[in-house]
Undergrad: 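Have a look at the structure that comes next, please.
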Amino acid sequence: MNKRGKCGNEDKAAMSLSGTLPKLPSIRELIKIYGLSAKSQLSQNFILDKNITDKIVRTASLSAATPLVVEVGPGPGLLTRSILDSGAPNVVAVEKDDRFQPTLRQLSVASGHRLKVLQGNMLEIPHQEILAAGNMTTKPIDTINAPIHIMGNLPFNVASPLLVQWLHMLANREGVFNCYDRDVWMTLMFQKEVGERLSAATSTSNRGRLAVMAQSLCHVKTVYQVPSTVFVPKPKVDASVVQLIPRKSFSENDMAGVYPVLENILRYFFTKRRKTVGHILRRLSKEQPATSALMAELETILDFKARPEDVPNEQFCEAAKLFHQHNIVTLPL
Ligand code: SAM
């Protein structure tokens, strides 16, 4: 406090260390001041209602014990404000569009530097840079092994490639997914249709490659449906927030080499989704004769009369392990 009993800048910053942000201009005002018109090529659809971003953050159960939150595409920063308001002590936000740097830098100061901002493309940025910005490159001394979180109202045009990249990194325990044995939880906003594909159960029409890739490593749950009217500008479709929490069984299974094989098998199967598993495998053994030696064993794993959408995650994983053991890694397209 200064002599008049008013808070100076440092005091304000110190206050924000405890969790609540000082009063800030509204995001609507900031967008106006900085002339931040939305760029469709960067899938910019902003949320301007803090009730919504608070609700998204509540689904992630962040707390002062959360070691790191990585936010993808903070834009003008309303979801970021909700993340900081949750008390998260360490947030690294990666934003491709440099027009948001001034507003995000202000937010960083207002948060007492709990927020660090990196400018870059999340698909390309080395995760080491994220871990370094979040001071996560040395072993933490805390005893609570709380999970790291990846969050974001994802740019829809790169949402699926981003998730597929993270799933590969999770399987291989790379980057943020290789940080002193900490789990990484992902709470991510997708277009509703992508959310439905991710959480699709067996024997449903949305079931495909993405569902099995995600569900073989993670528990996948839609936690919040968000109507398109919430976004500015309003997109053509609704959105949903999906949570992906790594399975315990995955930690015990070594999926590192197997995961790319699983992805290839899924691609092969789901491009023939009307055919039965037996038909698809007989075709594969003609196209790739090495697989014919595996047919008897595959018949003990998979139901040859089922269609790809009826096959449970575990069975696809068992099949992928068998292919991997026999060094059959790539499949014809
Ligand atoms: N988080 C803000 C919100 O909820 O209002 C903005 C979300 S908007 C759907 C997506 C954001 O991701 C935009 O700010 C956009 O500039 C950013 N973005 C687009 N592509 C990106 C990429 N490859 N890497 C990082 N950020 C990206």
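What you see below is based on every heavy atom in this structure, not just the backbone, and it leaves out hydrogens, waters and symmetry mates. When a ligand or atom number is given, it counts from 1 through the structure's own listing order.
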Undergrad: What residue and atom, counting heavy atoms only, is the protein's closest point to atom 14 (O) of ligand 1, and at what distance?
TA: E95 OE1, 2.8 Å
Undergrad: In terms of atom number and element, which parts of ligand 1 are under 4.0 angstrom from non-hydrogen atoms of V94?
TA: 25 (C), 26 (N)
Undergrad: Please report the C-alpha distance between F323 and Y268 in whole Å, then the side-chain angles of each, then the deciding distance to 0.1 Å, and finally whether the ring-ring contact (aromatic ring centres under 6.0 Å, His included) criterion is met.
TA: CA-CA 13 Å; F323 277 68; Y268 192 79; 9.2 Å; no
Undergrad: With a cutoff of 4.0 Å, is E124 in contact with ligand 1, counting heavy atoms of the residue only?
TA: no
Undergrad: How close does the nearest protein non-hydrogen atom get to atom 12 (O) of ligand 1, and which residue and atom is it?
TA: G73 CA, 3.2 Å
Undergrad: Tell me which protein heavy atom sits closest to atom 18 (N) of ligand 1, plus the residue, atom name and distance to 0.1 Å.
TA: P155 CG, 3.7 Å
Undergrad: Starting from atom 26 (N) of ligand 1, which protein heavy atom do you reach first, and at what distance in Å?
TA: K96 N, 3.3 Å
Undergrad: Check E318 with K321, please: is the shortest side-chain N to carboxylate O separation under 4.0 Å?
TA: yes
Undergrad: Considering distance alone, does some N or O of D97 sit under 3.5 Å from an N or O of ligand 1?
TA: no
Undergrad: Mind checking whether M169 and V176 have side chains closer than 4.5 Å, heavy atoms only?
TA: no
Undergrad: For the pair R99 and D97, find out whether any cationic side-chain nitrogen is under 4.0 Å from an anionic carboxylate oxygen.
TA: yes
Undergrad: Is G120 near ligand 1, meaning one of its heavy atoms is under 4.0 Å from it?
TA: yes
Undergrad: If you count heavy atoms of other groups shown closer than 6.0 angstrom to CZ of R28, is the number above 12?
TA: no
Undergrad: Under a 4.0 Å heavy-atom limit, does K39 contact ligand 1 with its side chain, its backbone, both, or neither?
TA: neither
Undergrad: Under 4.0 Å from a heavy atom of Q44: which atoms of ligand 1 are those, numbered in the order shown and with their elements?
TA: 13 (C), 15 (C), 16 (O)
Undergrad: As an exercise, identify every atom of ligand 1 less than 4.0 angstrom from a heavy atom of F46.
TA: 5 (O), 6 (C)
Undergrad: Within the side chain of R114, is there an N or O that forms a donor-acceptor pair under 3.5 Å with the backbone of A88?
TA: yes
Undergrad: So is I47 in contact with ligand 1, going by heavy-atom distances below 4.0 Å?
TA: yes
Undergrad: In terms of atom number and element, which parts of ligand 1 are under 4.0 angstrom from non-hydrogen atoms of E71?
TA: 1 (N)
Undergrad: Counting from 1, what ligand 1 atoms have a heavy atom of G75 closer than 4.0 Å?
TA: 14 (O)
Undergrad: With a 3.5 Å distance limit and no angle check, can you tell me whether N264 reaches the backbone of L331 through a side-chain donor-acceptor pair?
TA: no
Undergrad: Determine the sole option in L188, V158, I150, V94 for which the side chain to side chain contact (heavy atoms under 4.5 Å, CB included) test with V72 is passed.
TA: I150
Undergrad: List in chain and number order the residues that pass side chain to side chain donor-acceptor pair (under 3.5 Å) with T187, two or more places apart in sequence or in another chain; answer none if no residue qualifies.
TA: Q243
Undergrad: Looking only at N/O atoms, are M122 and ligand 1 under 3.5 Å apart anywhere?
TA: yes
Undergrad: Tell me, which protein residue and heavy-atom name are nearest atom 2 (C) of ligand 1, and how many Å apart are they?
TA: P74 O, 3.3 Å
Undergrad: Among all protein heavy atoms, pick out the one at the shortest distance from atom 4 (O) of ligand 1; state its residue, atom name and that distance to 0.1 Å.
TA: N153 ND2, 2.8 Å
Undergrad: Within a distance under 4.0 Å of any heavy atom of N45, pick out the atoms of ligand 1 and give their elements.
TA: 7 (C), 8 (S), 9 (C)
Undergrad: Tell me the closest heavy-atom pair linking L262 and S216, and the distance in Å.
TA: CD2-OG, 3.6 Å
Undergrad: For atom 23 (N) of ligand 1, what's the nearest protein heavy-atom neighbour? Residue, atom name and distance, please.
TA: N121 OD1, 2.8 Å
Undergrad: Measure the distance from atom 9 (C) of ligand 1 to every protein heavy atom, then report the residue, atom name and distance (to 0.1 Å) of the closest one.
TA: S43 O, 3.2 Å
Undergrad: Applying ring pair (Phe, Tyr, Trp, His ring centres under 6.0 Å) as the test, list every pair that has at least one member in residues 274-322; sequence neighbours left out.
TA: F269-F316, F270-F316
Undergrad: Any chain of hydrophobic side-chain contacts (each under 4.5 Å) joining W185 to L244?
TA: no
